[in-house]
Amino acid sequence: MQRYFDESLRELLTEIRSSRNEANRAGEGARSEKRLSTSVSDNIADVSNNVVSGSVSAAVEAAERDLIRKPLSGQAVANVESLIHASKVLEKLSILPLVNEPMEAREGFEGFLLQTYYDGDRGVVAVKLYDDRSGRIGVYFDTTGYKPYFLTDIPPDKLQEIPQVVKHKGFDHVEVVEKFDLLRWQKKRVTKIVVKTPDVVKQLRDKVPRAWEANIKFHHNYIYDFGLTPGLRYRVSSGRLELVGGDVSEEAEQFIRKVFSGEDESIVETAIRWFPLFEQPPPKPRRLAVDIEVYTPFKGRVPDASAASYPIISVAFASDDGLRVVFILARPGVVGGEPREGVKEGVHIEIFDDERALILETFRLIANYPIVLTFNGDNFDFPYLYNRALKLGIPKDVIPFKPTRSYMSLKYGIHIDLYQFFSIKAIQSYAFGNAYKEFTLDAIASALLGEHKVEIESTVSDLSLLELVRYNIRDAELTLKLTSFNRDLVWKLIVLLARISRLPIEDVTRSQVSAWIKSLLYWEHRRRGYLIPSRDEIIKLKGEVKSEALIKGKKYQGAIVLDPPSGVFFRVVVLDFASLYPSIIKKWNLSYETVNPVYCPGSKIVEVPDVGHKVCMSNPGLTAQIVGLLRDYRVKIYKKKAKDKSLPEDVRAWYDTVQAAMKVYINASYGVFGASSFPLYAPPVAESVTAIGRYTIKETVKKAAELGLRVLYGDTDSLFIWNPDEEKLEELQKYVEENFGLDLEVDKVYKFVTFSGLKKNYIGAYEDGSVDVKGMVAKKRNTPEFLKKEFSEILNLLGSVNSPEEFVKVRNHIREKLRTVYTGLRELDYNLDELAIRMALNKPLDAYTKNTPQHVKAARQLARMGVQVLPGDVISFVKVKGKEGVKPVQLARLAEVDVDKYVETMKSVFEQFLAAINMSWDEVIGSSRLELFLRKNS
DNA sequence: GCGGACTGCTTACCT
DNA sequence: ACAGGTAAGCAGTCCGCG
């Protein structure tokens, strides 16, 4: 590997430059006043005031002809051995066109539905389909004459009296349609106002007193009206999209009927209809990850993508078909770097002496992949490339992206920005169990892949070319791996989320879980001919809550937390109600139309405990059906299939992803009804869920007491039982099943639990010595690293304890350990990084107006130094002596650290734990103070 | 003018 | 913009105090 660069790269660069001269001559035509040899040195100085002239596009054409179409001529390949690999790659690439508008999907075209969008030029909805046989994307342009519309209750003749509507130039026509009004449980005739373009809906919806379904994106409406499911296979047939492979076999249908036996027929019918979503194998389009690096003279500041003032110095690509390429810009005064910097084998490096050529090559690659991955491409890489290209005179139609309202979309393929995807809170918490806490490539890759970014001393602008290559390619590889690890887990998850939500891929990867649930519910409303209620009418009819939240500013009361004791308890069984809230929604038939119903057809009404809402049980509520279906599918079918050893491993992995996708949905299903931003916001629904939850756990605690079980603690849906009798436990489970129709499962068994006496705060140790630490200060991000380290060492001591007797010994160990740490701290045996407190900035600096927390103080000091600080940034600071009290790590010295403050922090970290083992800080540290005093004065 | 009691703001956690 | 509940640290304020 080391012999790759046995020549000095610098020498090589000279060669490249001259060989490029030939190839570039045509491309330089437009800038004839500047010879290529000077353009290299001008690269940095000249770009910021580059003016786009008319002759440039001719130059681009020429460059395309001479340079781009024959990339091997004048190609700088940095080593001989990789040339063989590289030429194979490039051979493949060199036949690819620069601009790649997808071909039209005509009659008979078959492919997976990836994306719908509005094609403004043609004025129709367009659908991107991925054909897995050719590996190409085709676009189906709607031929049914589908137009944008919204609904109102004004009859057509009365509508004629509103000229602003019917005389509007975008107005097309009206139709009368019949819908079912779930909220009022009656048929309703509404007027459909059909218009020419989507923007007209926005202009006209306020011109009528009441409008429905006027806030749905045109290309989403298309999906709902045609009953499409993104992620499934379709064929263009008789000018329409026809589902392929959506049939459910007789055998499968019988199986589903058995699983859902006893349910209402409408639920069984939906269950059968959904089956292909979980069973059809996912498409596997080729994926390309792209990452760019930009020169900037300002350290600690992210280059401004809208200005794009400085050159793109490197672009790295990694694809799942094995491509590893870095395009790098030769810059005057920047050395090649040492061979031993260790660029991995198989990475093909191309050195460009012209930034424009580099960008054009980049575009050509991007334009040829059906899926392009970035990390923050929406807000940085793609806008930068876009604006930089324009600045360098590259015409728009050569650029493979088009900016949409909220993100960067691709002309040919699909752009997935993984920063957006991993920032989705439901993904972070439900799919990955909060494994990562910050939304940076490094944090996410470390947590999920166990791999890191390449560490660099200062900024990318200061790196040698080889260091830059190494850094850049790692980012691209990590980005790719984030979708491919664990048998393409993330890609499959995205496909499944698209199928369940019915949102296109570019939409589902950029929206929060509330948008997914909204979309799924809209789709089902449309399918069943229900009018989608407006937010206002739901609030008017269902706005009232009956409980008061314990937390100021919240809308209604939530879960209960039992008061835990303090102390150590051996053999603790933790029971929990399986999917408590979703199960409640299903069992109690909770839905916006069933809670406090306007009309309950069979008058079968039950009352919610505590809050007294009335629930109509006569017909299955819509949201109860959907949530219940996902829950049952997950529990009764896919959790089992995921563990079925008789299935091949990759099939099991798929089913595991299926159940994970369902988990994300059902976990969020309660919360959205309590979120005022949700279009189907129904506070009494959310309030009923938590009230029933409280009722259920309280009754279960009562029963447990009757059975002689000792309940130590419980939070929302869990009960900690001390050394229970097996039979009594089973009896309790039976009681819960019979009385509430819920599953009370044994979640875990702890060898022992140490409770501090505080809620949401305990350590549970398993038989094998591993431990769960919950809520303790030692676990929090804003606790200095040295304390976390020392704490985890104490945890190791603790995990080894097997009996109450052994605790005595461990207590002594712990006491000694703490004393050592204490004296070490007094003598400042730690460095600044170990002492740093990390805290996130949740708002822009100037939004902290009420007071100035310490991390904001530190951040303001950084800002004064010219370092950019943005919301989401985690500030590392240390506590120091002096007026401000804090300093960012970068600016602090060890000598100014305020040791007393750190002793306080140490005390609070360990007191929580000492409380559990019945020790006090003073008894542990008291004598240490004396010892330290004596030692210092001896 | 200072310190303790208190409230409110902010963050990070748990379910 | 999925929810509420708990804990901690600190900033800022009020009040008492001859």
Side-chain angles (χ1 to χ4, degrees), chain A residues 423-430 433-434 437-438 511-518 545 547-564 574 576-577 579-582 585 627 664-683 685-691 693-694 697 713-720 747 756-762 764 772-783 837-843 847-857 859 872 874-875 879 885-886 901 904-905 907-909 911-912:
Chain A
S423 301
I424 298 171
K425 286 203 203 82
I427 291 296
Q428 181 192 21
S429 53
Y430 305 135
N434 284 317
K437 290 188 176 100
E438 288 154 54
S511 51
Q512 294 293 333
V513 67
S514 61
W516 307 347
I517 294 175
K518 170 178 85 175
V545 291
S547 62
E548 208 173 314
L550 302 185
I551 307 170
K552 217 186 286 178
K554 300 289 183 184
K555 290 164 293 208
Y556 58 90
Q557 198 179 346
I560 46 173
V561 186
L562 306 181
D563 224 340
V574 182
D576 86 347
F577 293 91
S579 311
L580 179 64
Y581 286 179
I585 291 176
V627 173
V664 174
Y665 270 87
I666 59 180
N667 279 344
S669 61
Y670 139 75
V672 293
F673 291 106
S676 56
S677 55
F678 189 62
L680 302 173
Y681 172 52
V685 172
E687 188 186 31
S688 297
V689 174
T690 57
R694 293 193 297 274
I697 197 168
Y713 174 62
D715 185 348
T716 313
D717 61 355
S718 66
L719 291 174
F720 288 56
D747 184 29
S756 62
L758 295 167
K759 293 173 175 180
K760 302 181 191 281
N761 195 293
Y762 61 87
D772 285 338
V773 182
K774 297 291 180 183
M776 310 206 54
V777 174
K779 212 190 154 169
K780 301 201 173 186
R781 180 160 70 186
N782 52 12
T783 295
I837 294 158
R838 291 160 41 77
M839 229 187 265
L841 214 54
N842 286 342
K843 310 186 272 194
Y848 290 87
T849 50
K850 308 257 166 73
N851 55 21
T852 313
Q854 295 193 321
H855 66 300
V856 176
K857 264 186 203 156
V874 177
I875 310 295
K879 298 187 180 186
V886 293
K901 287 270 166 50
E904 280 307 304
T905 313
K907 188 176 165 191
S908 83
V909 164
E911 261 184 342
Q912 286 189 341

Nearest of [options] to any side-chain atom of [X]?
X	options	value
A/K850	C/dA3, B/dC9, B/dA12	B/dC9
A/K425	B/dT15, B/dG8, C/dC2	C/dC2
A/L550	B/dA12, C/dG12, C/dG5	C/dG5
A/K774	B/dC13, C/dC2, B/dT15	B/dT15
A/S429	C/dC2, B/dT15, B/dC13	C/dC2
A/K555	C/dG4, B/dC13, B/dT10	C/dG4
A/K760	C/dC2, C/dG5, B/dC13	C/dG5
A/P853	B/dT10, C/dC2, B/dC14	B/dT10
A/D715	C/dC2, B/dG8, B/dT15	B/dT15
A/Q912	B/dT11, C/dC10, C/dA8	C/dA8

Base, sugar-phosphate, or nothing: which does [X] touch, judged by heavy atoms less than 4.0 Å apart?
X	answer
A/S718	nothing
A/Y556	sugar-phosphate
A/L758	sugar-phosphate
A/S908	sugar-phosphate
A/G671	base
A/V909	nothing
A/A686	nothing
A/S514	sugar-phosphate
A/A426	nothing

Please determine if a side-chain N or O atom of [X] lies less than 4.0 Å away from the OP1 or OP2 oxygen of [N].
X	N	answer
A/Y713	B/dT15	no
A/K857	C/dA11	yes
A/K554	C/dG4	yes
A/K759	C/dA7	no
A/K901	C/dG9	no
A/K552	C/dT6	no
A/Q854	C/dC10	yes
A/H855	B/dT11	yes

Can you check the A/K779 NZ to C/dA8 P distance for me, whole Å? 16 Å

Measure from OH on A/Y848 to C1' on C/dG9 and round the result to the nearest Å. 15 Å

Are the side chains of [X] and [Y] in touch, meaning some heavy atoms are under 4.5 Å apart?
X	Y	result
A/D747	A/S718	no
A/M839	A/I875	no
A/N761	A/Q912	yes

Flag this pair as yes if the NZ/CZ of A/K518 is under 6.0 angstrom from the six-membered ring centre of A/F678 and inside a 45 degree cone about the axis; otherwise no. no

Under-3.5 Å donor-acceptor pair between A/Y430 side chain and C/dC2 base: yes

A/K760 vs A/D715, test: salt bridge (charged side-chain N to carboxylate O under 4.0 Å, His left out). Steps then yes/no. CA-CA 8 Å; A/K760 302 181 191 281; A/D715 185 348; 2.8 Å; yes

Spell out, as yes or no, whether a donor-acceptor pair under 3.5 Å connects the side chain of A/S669 to the backbone of A/V627. no

Using heavy atoms to find the nearest nucleotide of DNA chain C for A/N761 and A/A668 separately, return the residue whose nucleotide is more 5′. A/A668

Taking only Lys NZ, Arg NE, NH1 and NH2, and the carboxylate oxygens of Asp or Glu, determine whether A/R838 and A/E438 approach each other closer than 4.0 Å. yes

